[in-house]
Amino acid sequence: MNHPEHPPSRLPSTLWRRALVVISLALAATGTQARHHYTGGGTGEPGRFDYYVLSLSWAPTYCLTHPDDGAECSGRGYGFVLHGLWPQYDAGGYPENCPSQFELSAEAVSRGRTIYPSERLLRHEWREHGTCSGLDALGYLRAADRATASVRIPPPLEAPPSDQSLTAMQVIDLFRSANPQMPDHSMTVSCSRGELAEVHVCLTKDLAVRSCGRGVRTTCPHAAVTLPAFRKR
């Protein structure tokens, strides 16, 4: 068997090097396309997307690894908080950091402080995701607020006094019981180091619950994971 590092003697070395360059460029292009099409982000055009993902973060898990984030983790006792409202493509992937004509106005920042747990997160989410919505900053934040309000948190997960152990499917079942309008495959769960990190709910551009597109999937193990309770610091 011939190996790439040992080209056949009948092929001139210059031609062999050119062939390797062509092959390498083709593989790189394929990898880049796959990352963008299925899982990755990329700069897009504002307003050109198919649906939203509403991401709600389980604050106690976040605070285990970010205890210095005083805005979210200094004794406020958050459970689920708004992480973001993210434009998505049906075929997979998402736009990010779009060249928007709109700025994050002082009025928008004031409104955002009532929606996000921290101003730092607000500014990050507008820059990375809000600019791709096609909305101005205030309109985007109003949409994020409506989206969050449209999903009812199951009572057992509102403010549990102690750690809980649930599978991802049990978390989804609790949300579907509290939100019977949810269709199949409209929600996924994300975990980190055996702990619940976030839930993701897929929404139309009009903020109605819908099935998720390609690439939005649960990333938790089949076994039960921990939902840490809020701990005073």
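- When atom types are taken as modelled, the side chain of S100 and the backbone of C132 share no donor-acceptor pair closer than 3.5 angstrom.
- Put simply, the side chain of T188 does not reach to within 4.5 Å of the side chain of V199, judged on heavy atoms.
- Judged by distance alone, the side chains of W86 and E125 do bring a donor and an acceptor atom under 3.5 Å apart.
- Clustering ILVMFWY residues whenever any of their side-chain heavy atoms sit less than 4.5 angstrom apart, transitively, puts V109 in a cluster other than the one holding L138.
- What you find for P154 and A178 is that their closest heavy atoms are CA-CB, 4.0 Å.
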Stepwise side chain to side chain contact (heavy atoms under 4.5 Å, CB included) test for L227 and L157: CA-CA 9 Å; L227 281 71; L157 302 182; 3.5 Å; yes
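- Under the rule for a side chain to side chain donor-acceptor pair (under 3.5 Å), R142 has no partner lying at least two apart in sequence or in another chain.
- Taking CE of M169 as the reference point, atom CD1 of I172 lies at 4.5 Å (rounded to 0.5 Å).
- Contact check on R214 versus D50 returns no salt bridge, with no Lys/Arg side-chain nitrogen under 4.0 Å from an Asp/Glu carboxylate oxygen.
- Separating the OG atom in S211 from the CG atom in D90 is a distance of 10.0 Å, to the nearest 0.5 Å.
- In H124, the NE2 atom is crowded: over 12 heavy atoms of neighbouring residues, nucleotides or ligands sit closer than 6.0 Å.
- With K205 contributing its side chain and P87 its backbone, the two residues share no donor-acceptor pair below 3.5 Å.
- In terms of modelled atom types and a separation under 3.5 Å, the side chain of S186 and the main chain of M182 share no donor-acceptor contact.
- In terms of heavy-atom proximity, R210 sits nearest to G213 at NH2-N, 3.9 Å.
- In the hydrophobic clustering of ILVMFWY residues, with side-chain heavy atoms under 4.5 Å counting as a link, V225 and Y62 come out apart.
- A centroid separation of less than 6.0 Å is found between the aromatic rings of F175 and F80.
- Salt-bridge check for R123 with E119: passed, with a basic side-chain N closer than 4.0 Å to an acidic carboxylate O.
- Residue pairs that meet the disulfide (SG to SG under 2.5 Å) test with at least one member in residues 137-184, sequence neighbours left out, do not exist here.
- A distance of 6.5 Å separates CG in L207 from OH in Y52, rounded to the nearest 0.5 Å.
- Identified under the disulfide (SG to SG under 2.5 Å) test for residues 151-192, with sequence neighbours left out: C191-C220.
- A tilted orientation is assigned to the rings of Y94 and H129, their planes being inclined by 30° to 60°.
- The CG atom of D145 sits 4.0 Å away from atom CD1 of I115, with the distance rounded to the nearest 0.5 Å.
- Distance alone, capped at 3.5 Å, places no donor-acceptor pair between the D136 side chain and the F102 backbone.
- No donor-acceptor pair closer than 3.5 Å links the side chain of Q181 to the backbone N or O of R176.
- A donor-acceptor pair under 3.5 Å is absent between the side-chain atoms of S165 and the main chain of T226, judged by distance alone.
- Side-chain contact between H83 and L56 is absent, with no heavy atoms from C-beta onward closer than 4.5 Å.
- Here CG of L122 is found 5.5 Å from CG of L104. Values are rounded to the nearest 0.5 Å.
- With sequence neighbours excluded, no residue satisfies ring pair (Phe, Tyr, Trp, His ring centres under 6.0 Å) with Y51.
- W58 and L174 fall within the same hydrophobic cluster, where Ile, Leu, Val, Met, Phe, Trp and Tyr residues are linked whenever their side-chain heavy atoms come under 4.5 Å apart, directly or through other members.
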Derivation and outcome, side chain to side chain contact (heavy atoms under 4.5 Å, CB included), residues L85 and Y140: CA-CA 9 Å; L85 184 66; Y140 172 72; 3.8 Å; yes
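- For D68, there are no side chain to side chain donor-acceptor pair (under 3.5 Å) partners at least two apart in sequence or on another chain.
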Stepwise side chain to side chain contact (heavy atoms under 4.5 Å, CB included) test for Y116 and L141: CA-CA 9 Å; Y116 288 91; L141 291 169; 3.5 Å; yes
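- Counting only distance, with no hydrogens or angles, the side chain of S133 and the backbone of L135 share a donor-acceptor pair below 3.5 Å.
- In this structure a side-chain-to-backbone donor-acceptor pair under 3.5 Å is missing from S110 to E107.
- The shortest distance between side-chain heavy atoms of V209 and L203 falls below 4.5 Å.
- If you take CD on E195 and OG on S192, they are separated by 7.0 Å, rounding to the nearest 0.5 Å.
- Summarising the geometry of T131 relative to R127, their closest heavy-atom pair is OG1-O, 2.9 Å, with the distance given to 0.1 Å.
- The backbone N or O of L121 lies less than 3.5 Å from a partner atom in the side chain of S118, making a donor-acceptor pair.
- With sequence neighbours excluded, the residues forming a side chain to side chain donor-acceptor pair (under 3.5 Å) with S55 are E198, H200, listed by chain and number.
- Here the shortest heavy-atom pairing between T61 and A197 reads CG2-CA, 4.3 Å.
- Tracing side-chain contacts under 4.5 Å through hydrophobic residues (I, L, V, M, F, W, Y), one reaches I153 starting from L196; they form part of the same cluster.
- The closest donor-acceptor contact from the side chain of E72 to the backbone of D69 lies at 3.5 Å or more, if one exists at all.
- For the pair L54 and A147, the tightest heavy-atom approach, listed with the atom from each and the gap, is CD2-O, 3.4 Å.
- When side chains are defined from C-beta on, M187 does not count as touching N179, because their heavy atoms never get closer than 4.5 Å.
- Contact check for T218 versus S190: no side-chain heavy atoms found under the 4.5 Å cut-off.
- Considering every non-hydrogen atom in both P95 and F49, the closest pair reads CG-CB, 4.5 Å.
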